[in-house]
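Letters A, B, ... mirror the listed sequences (proteins, then strands); counts begin at 1. Here the structure is a predicted model, which means the values were calculated and not measured.
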Amino acid sequence: MMEILEYIGMALILIGGIFLFLGALGLVRMPDLYTRLQAGTKASTLGAMSTVLGVGLLHPDWILKILIIVIFIGVANPLSSHALARASYRKGVIPFSKNNIDKYKKAVKKQIKNLTS
Amino acid sequence: MKNVFIIILLVVIGYFLANTFADIPFGENRIGDIESSETVAGYYLSNTVEKSKVANVITAIVVNYRGLDTLGEVTVLFLASTGLASILYRRKEEEEDVERLNLPSSRIMRTGVRVLFPSIVLLGIYVFIHGHLTPGGGFQGGTIVATGFLLMLISYKGFNTNHNRMVWIESLAGLSFVGIGIWGLLSGNTFLENSTNVGVLNSLISGGLIPIIYIVVGFKVAVELTGILDILLKIKPKK
Amino acid sequence: MTIILTIVFTLMAIGLILSMFRFVKGPRSGDRAMALDTFSIIITAAMVLLAHVFERYIYVDVALIYAVLGFVGVIVIARYIEGAL
Amino acid sequence: MIFIILLIIMAVLLLAAAVYSIVHRDLLFAVMGTGIVSVVLSLFFYLLQAPDVALTEAAIGIALTTIIFIITIRNTTRDEDEIIDKENEKL
Amino acid sequence: MTNKKSIPLLKRKSSPGKFIYTFLIMFIIWLGFTTSFEPAELITGVFVSLIIALFTDRIFSCCGMRVLMPHKIIYFIQYFFVFIMALIKANFDVARRVISPDLPINPGIVKFKTKLTNSFARLVLANSITLTPGTLTIDAIGNTFYVHWIDVTSEEPEVAYKEIAESFEKILMKIYED
Amino acid sequence: MQEEFNEIFIKYHEIITIGVYGTAIGLILIGLYAVLMKKNLVKIVIGLSIMDAGIHLLFVGIGYIQNGTAPIFSPGYENAGERMVDPVPQALVLTAIIIGFAITAVALSLIIRLYKHHHTAKIDQIKSLKW
């Protein structure tokens, strides 16, 4: 039983490492800020969660604290990338788009108008 | 000319630093056998467990053996916060139109911060209550609590810290810190010496006065840092 | 087992270097803040893994602090970019 | 092997981030550079078996130092040479 | 109903349900931190959680105890599985996009309207959207979500809603809006 | 894992020594360079904090012991006192980090005050400092 858990844990750690690496690679390869945010957030969140959970499976008596870490990562990381995306858009970072699909521009203009008036 | 001079200076300093540290081999055991060691570290490592029943030796050093230093450290923090307040002093009439934030944050972020804030404060309290068992202690825990308050302060316009309550907590914490220290003096020991010896190693109730001192320090640091942040966030550049 | 750990740490190290590359190059402050975020999350994972390597439970506390506080710095920077502070 | 890999990478990253934060003209980026120095330094302390110090560095370096620096550059100028450059402010 | 303004933070009402809910969650988190069941730790945990719940219950909790009803917990578990599946799918998606040499992306920002009114449910939805395939929540103004989509298939709000949010929202409606 | 670690430590001892001490000394020199050369006050404070970081690293590096573990007698490590690293430098650095933060805060508030008065944060333009 313990050995099976150990193998699963090691597999999770390996997957986590690969996804952390892929997140960083996405950070470098993607063309603009928003796509970078996407790749970075998703891959690094799952990578960190999976690594941490893998360690939790290797040491079953650590599992409670490990779960707390996983939950915190899952709540906090998307939040920071959301804040970053919103702030950058409002400061005029134009998203890269092949077909010019941008429904957000109008809403921002309207909101800024409301705030200044 | 100045450039050349400074670079020569840097090279000289670097050379002498490297020369000095080349003589200290990295990773060498300089303590030796801790029971018979002549170093301070040997004394601390061999005596902490029996004398004060504290698992974390660094906590024992910071709060117990070098307690007077910690008093100085707390004083420095206190002086920093008062100094900052007096440097950035503004008159009462200027205070009227002060708003901390120019723009509201998004509703998602406000909700997220609202959900995370109690857990961050709980984490800070955990860190300073368990200062004698795990890494961390009063200073770190207080910093974490202050970070939680920082998160609220930068995302909510309506969130205000209660100044009177903060002053009260700070004075009470400072007084009890000094009081515990003087109690050590009165009972015939040195300042802040751990005169009680209760509990079992590695349980929550152990280490005598050390956890209590760290809790007090934690409250004091949290309040001081929150005060610093509050003052700093309220200043506005002149347009 | 050791070989897997070595592979994972190598991957993490390459990840750190790639995000440092993005940090140095990133044309806008948003990219740099994102690199900082990736840094802190990779380091959280590395810390938990090192706690396993050193076999000490108490080391997990540091990773816990990083998981909780790592995003505060990024949010502060985001609020500054927005012009809200 | 793990020790060596992490140590060399961290040494390079620390020095690179420090040089970056000294050299770059935009003070916001310099402050983010100190943030990276603090994050990597914390892992360094962790590797040198000093979890207490690592925790302190993490708690202080990651948010509090960043915000006091950011408040300062908001109240002074963001450009090191104080040449107000509209394009630069926008980034 | 639609453009309901959020209530200012300090004017929220505190209630026994909210208090107990906050206390329970805080106590569970405390147990996670300590991972020990010694009496001293438990008593300290109860004490600390009580104090925190006393000060923050109106900030922390949205709807009190009714989220913790048994049938809602079953929905939570269902949501968890849906979410984990989406997360894993998202990551293989990202991996495919990152590794393939010609970067198959067609990004754009779309919008859709959500039926959720509870702000906590919206937070959960926004975070889930950020972590699922190819989408990133940029903003939520009123009840409209603005989502950056890495591979836009349609600009229509209804289609976007169906593809991005529907599977999550169905369960969240059952948990928070009944 | 421990034996392998020892082998590597002895084999690559010079690289590790240069890695730790060299990084620390490098950080100190970079910080010092900024303090001496830069005109902007904020940059000077950044240089000070980097110098701080280098000194902390140097201290903790001196205290490290090969094959050591943290000086905490947690469950399972009650009798591991023989192979614990030196706790004294760590306690010193812990104090130094907090004090460094306080110093940075006060220095930055002074800079804000100076900027309000002189409308510049460059030392060569603050004329009233000369006499």
Of all heavy-atom pairs linking F/G19 and D/L7, the shortest is CA-CD2, 3.9 Å
Here the gap from F/T104 atom OG1 to D/I60 atom CD1, rounded to the nearest 0.5 Å, amounts to 9.0 Å
Highest number of heavy-atom pairs under 4.5 Å with chain D among F/I15, F/I112, F/I18 belongs to F/I112
Max heavy-atom pairs within cutoff under 4.5 Å with chain D, candidates F/I98, F/T120, F/L57, F/I111, goes to F/L57
Pair count under 4.5 Å, heavy atoms only, with chain D: among F/I8, F/L108, F/L94, highest is F/L108
Under 4.5 Å to a heavy atom of chain F? For D/V12 that would be neither
Whatever's closer than 4.5 Å to a heavy atom in chain D on F/T69 counts as both
What one should report as the nearest heavy-atom pair of F/Y64 and D/L48 is CD1-O, 3.4 Å
Sequence neighbours excluded and cut-off under 3.5 Å, please list the side-chain donor-acceptor pairs for residues 71-80 of chain F, or say none.
residue	atom	partner	partner atom	Å
F/S74	OG	C/R56	NH2	2.7
F/Y77	OH	C/E55	O	3.2
F/E78	OE1	F/G76	N	3.1

All heavy atoms of F/Y115 vs all of D/N75, minimum pair found to be CD2-O, 3.3 Å
Review point. With no hydrogens and no angle check, is any side-chain donor or acceptor of D/Q49 less than 3.5 Å from a backbone partner on F/I65?
Key: no
Chain F shares the most heavy-atom pairs under 4.5 Å, among D/I73, D/I8, D/L64, with D/L64
- Query: Just wondering, do F/V60 and D/F44 contact through their side chains at under 4.5 Å, heavy atoms?
  - Reply: no
For this session: Give the C-alpha distance, both sets of side-chain angles, the deciding distance and a yes or no for side chain to side chain contact (heavy atoms under 4.5 Å, CB included) between F/S49 and D/T65.
Result: CA-CA 10 Å; F/S49 73; D/T65 314; 5.7 Å; no
### D/Y20, OH atom: more than 12 neighbouring heavy atoms under 6.0 Å
yes
Turns out that what part of D/I68 lies under 4.5 Å from chain F's heavy atoms comes down to both
Whatever's closer than 4.5 Å to a heavy atom in chain D on F/S109 counts as neither
If one checks every heavy atom of D/T34 against chain F at 4.5 Å, the contacting part turns out to be side chain
query = Are D/F45 and F/Q90 close enough that some pair of their side-chain heavy atoms sits under 4.5 Å apart?
reply = no
Considering only distance and modelled atom types, tabulate donor-acceptor pairs under 3.5 Å from the side chains of residues 36-46 of chain F, sequence neighbours left out.
residue	atom	partner	partner atom	Å
F/K38	NZ	D/I22	O	3.4
F/N40	OD1	F/V42	N	2.9
F/N40	ND2	D/E80	O	2.8
F/K43	NZ	D/I22	O	3.0
F/K43	NZ	D/H24	O	2.5
F/K43	NZ	D/E80	OE1	2.9

In terms of heavy-atom contacts, D/L14 and F/T23 come closest through CD1-CG2, 3.6 Å
